[in-house]
Amino acid sequence: MIGAGGAGRAICHALAASGLKRLRILNEAAGPVEILAAKLRSRFADLEISLDERFDDAGLLVNATSLGLRETDALPMNPARLPDDCAVFDIIAARRTEFMQACAARGLKVVDGVAMIKHQLPLQTAFWRGEA
């Protein structure tokens, strides 16, 4: 997971609740990632959490940052550091980012944020209608 903001926190909790065994979380600022790791550890005792910047054993990389909203944004990480069988999910739905393009060019499976929005819309609609 790259990013410990609102989306990153929610995705980390969902992954942990689904039975994930190992999670590595990276964030530009140390405070939010340490708070997130502490909350996850208190709720998911069997979840192994690390905060080191390694990608060589990643099976899934989630970019939960805003990097990629603009063409001039830096990549959240170098896709060459990912294993050949890593899948990449980027929460950006507004455009196919340079990061997504670079990962796809490496032959990695890439899913953009549109998939996340499609799953959220029915839940949001039910919530606002008072059906949830």
Side-chain angles (χ1 to χ4, degrees):
M1 174 68 57
I2 301 177
R9 289 191 307 267
I11 295 168
C12 283
H13 279 275
L15 290 170
S18 73
L20 186 75
K21 299 295 179 203
R22 291 184 306 130
L23 177 63
R24 185 171 295 121
I25 312 167
L26 305 173
N27 196 63
E28 187 174 48
V33 75
E34 290 167 358
I35 292 168
L36 173 58
K39 286 182 180 179
L40 288 167
R41 285 183 180 117
S42 71
R43 185 163 177 215
F44 303 99
D46 294 336
L47 178 62
E48 177 188 323
I49 300 173
S50 62
L51 308 178
D52 59 324
E53 190 174 331
R54 280 188 47 224
F55 300 98
D56 59 325
D57 62 349
L60 170 66
L61 179 109
V62 177
N63 174 32
T65 73
S66 61
L67 292 173
L69 284 174
R70 294 174 301 279
E71 286 182 37
T72 55
D73 286 345
L75 299 183
M77 56 85 59
N78 181 352
R81 296 179 62 194
L82 294 171
D84 292 340
D85 61 347
C86 184
V88 176
F89 174 63
D90 194 324
I91 69 167
I92 303 294
R95 59 188 294 276
R96 184 108 171 136
T97 68
E98 288 69 25
F99 179 61
M100 288 184 239
Q101 293 173 42
C103 290
R106 278 220 39 232
L108 303 176
K109 179 178 179 163
V110 177
V111 178
D112 63 28
V114 173
M116 184 173 70
I117 290 173
K118 285 181 180 178
H119 283 83
Q120 290 175 342
L121 283 175
L123 298 171
Q124 290 175 359
T125 302
F127 175 80
W128 291 113
R129 289 182 175 166
E131 300 165 357

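Side chains are part of it too, since the values below use all heavy atoms of this structure and drop only hydrogens, waters and symmetry mates.
Among residues two or more places apart in sequence or in another chain, the side-chain contact (heavy atoms from CB on, under 4.5 Å) test is passed with Asp112 by Met100, Val114. Listed by chain and residue number, Thr125, Glu131 satisfy the side-chain contact (heavy atoms from CB on, under 4.5 Å) test with Arg129 (two or more places apart in sequence, or in another chain). For Leu20, the side-chain contact (heavy atoms from CB on, under 4.5 Å) partners are Leu15, Leu23, Leu47, not counting sequence neighbours. Partners of Arg24 under the side chain to side chain donor-acceptor pair (under 3.5 Å) rule, at least two apart in sequence or in another chain, are Ser50, Asp52, Asp57.
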Stepwise side chain to side chain contact (heavy atoms under 4.5 Å, CB included) check, Ile11 with Met1: CA-CA 9 Å; Ile11 295 168; Met1 174 68 57; 3.3 Å; yes
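Between the CZ atom of Phe127 and the CD atom of Gln120 there is a distance of 13.0 Å, given to the nearest 0.5 Å. Separation of atoms OG (Ser66) and CD1 (Ile92) is listed at 6.5 Å; rounding is to 0.5 Å. Taken to the nearest 0.5 Å, the CZ atom of Arg41 stands 9.5 Å off from the CD atom of Glu48. Annotation: the span from Leu108 atom CG to Leu60 atom CG amounts to 11.0 Å, rounded to 0.5 Å. Within the model, atoms CD1 of Ile2 and OG1 of Thr65 stand 7.0 Å from one another, a figure rounded to the nearest 0.5 Å. Remark: Leu51 CG to Asn27 CG distance equals 10.0 Å, nearest 0.5 Å.
Side-chain contact between Asp90 and Phe99: present, with at least one pair of heavy atoms (C-beta onward) separated by less than 4.5 Å. Side-chain contact between Phe55 and Leu61 is present, with at least one heavy-atom pair separated by less than 4.5 Å. Side chains of Ile25 and Leu36 form a contact here, defined as non-hydrogen atoms less than 4.5 Å apart.
The two atoms that bring Val111 and Lys109 nearest to each other are CG2-CE, 4.1 Å, heavy atoms only. Here the closest heavy-atom approach between residue Val110 and residue Ala104 is recorded as CG2-N, 3.7 Å.
Met116 and Leu67 sit in two unconnected hydrophobic clusters of ILVMFWY residues. Membership requires side-chain heavy atoms under 4.5 Å apart, directly or through other members. Taken together through direct or relayed side-chain contacts under 4.5 Å among Ile, Leu, Val, Met, Phe, Trp and Tyr, Val62 and Leu26 form parts of separate hydrophobic clusters.
Listed by first then second residue, pairs satisfying salt bridge (charged side-chain N to carboxylate O under 4.0 Å, His left out) with a partner in residues 60-76 read Arg70-Asp73, not counting sequence neighbours.
Judged by distance alone, with hydrogens and angles left aside, the side-chain atoms of Glu98 form no donor-acceptor pair with the main-chain N or O of Gly68 at under 3.5 Å.
Environment of CD in Glu28: sparse, with no more than 12 heavy atoms of neighbouring residues, nucleotides or ligands closer than 6.0 Å.
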Extract all donor-acceptor atom pairs below 3.5 Å that involve side chains of residues 74-88 and protein atoms in other chains or at least two apart in sequence.
residue: Asn78; atom: OD1; partner: Ala80; partner atom: N; Å: 2.9
residue: Arg81; atom: NH1; partner: Glu53; partner atom: OE2; Å: 3.2
residue: Arg81; atom: NH2; partner: Glu53; partner atom: O; Å: 3.2
residue: Asp84; atom: OD1; partner: Arg106; partner atom: NH2; Å: 2.5

